[in-house]
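As structure tokens, the structure follows; a few thoughts come after it.
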Amino acid sequence: MSIPKPPPDHCTILYFAAATSYTKKQYDHLPTPFHVSRLPDVLEERYPGIKSKVLVSCAITVNLDYVDLEEEADKDNDGLLVTAGDEVAVIPPL
Amino acid sequence: MASSYPTTAQFPGVQALTEPNIHVALTYAPLSSQSTLDLVKSPSAGAIVLFAGTTRATFLDRPITHLAYSAYVPLALRTLHSVARATKTAHSLIAIAITHRLGVVPIGEESVLIAVSSPHRKAAWLAGEECLEKVKERVEIWKEEWFEDGGVWRANRDGVAGVKVVDTQEKTSEEMVGERAVK
């Protein structure tokens, strides 16, 4: 199946492998904007336990580029913003 | 047994990234070793090495009922291309082709084909092995192994513990066997 486009002011987040198993979904549409470093907290609200059980071993991409969440968190308000139409993905271990 | 992840084709035919002498592709269809070989043939080649990765019926002696691959298709293609280009440069290859199959791959069939051509055989042997290891380590493709009692997401590195497909919260006996195997 193909992933539908997000509604206005939303991004798409894609789940793969163990992340799909945990969320029982292939994708969500999340309201934007938010700092990418907040992603784990945003997902934890929807899927309690996901941070420690899944995200801790996963990488994150935004529009096909890998993002270092710790580095982004250190930048505070200068960190990368996820904006409308962006494609974010949770990448479990390969 | 139903998978938690759709294993039906998400696109028809083949999705590929190509440039002269570099060809990478993903497909849900059975792979053809001859077609992959043909992509790297050249009059200046003295050697072609073709690697075929095939699906095994067991994991640590436990029978596997079926096996499926899923991928983040656009990113996997981009990473495959980067691995192919780096391998071609490092070993001065004439050409390189990598095709990975997605979805359910019946036991005994090919899940990945890598073909490399070079003027002399030594470089082709080395490049083929190095390329496969990088594909397993870096490309955004996940293997789901199904046993009679459920499925496991298997990391591509040999012997690394898997994550149970249905419930990631508790360890399966399978996973613990996997962990013992790496110690």
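Chain naming here is simple, since letters A, B, ... match the order of the sequence lines and numbering starts at 1 in each.
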Is there any salt bridge (charged side-chain N to carboxylate O under 4.0 Å, His left out) pair reaching into residues 27-51 of chain B, and which pairs are they, with sequence neighbours excluded?
Asp38(B)-Lys41(B)
By a 4.5 Å heavy-atom criterion (distance strictly below it), what part of Thr61(A) contacts chain B: side chain, backbone, both, or neither?
side chain
Qualifying residue for side-chain contact (heavy atoms from CB on, under 4.5 Å) with Thr87(B), from Leu93(B), Leu126(B), Ile98(B), Ile22(B)
Leu93(B)
Consider only side-chain N and O atoms of Arg46(A) and Thr23(A), and report whether a donor and an acceptor are under 3.5 Å apart.
no
If we count only N and O atoms by modelled type, under 3.5 Å, do the side chains of Thr79(B) and Glu140(B) hold a donor and an acceptor together?
yes
Taking C-beta and beyond as the side chain, do [X] and [Y] meet within less than 4.5 Å on heavy atoms?
{"X": "Ile141(B)", "Y": "Leu26(B)", "result": "yes"}
{"X": "Ser70(B)", "Y": "Lys143(B)", "result": "no"}
{"X": "Asn21(B)", "Y": "Lys88(B)", "result": "yes"}

By residue number, those in residues 81-91 of chain A with heavy atoms under 4.5 Å from heavy atoms of chain B are Glu87(A), Ala89(A), Ile91(A)
Does anything in residues 33-45 of chain A get under 4.5 Å of chain B by heavy atoms, and if so which residues?
none
Salt bridge flag under 4.0 Å for residues Lys134(B) and Glu137(B)
no
Taking the six-membered ring for Trp, are Tyr15(A) and Tyr47(A) parallel (under 30°), tilted (30 to 60°) or perpendicular (over 60°)?
perpendicular
Output all residues satisfying salt bridge (Lys or Arg N to Asp or Glu O under 4.0 Å) with Asp78(A), sequence neighbours left out; order by chain, then residue number.
none
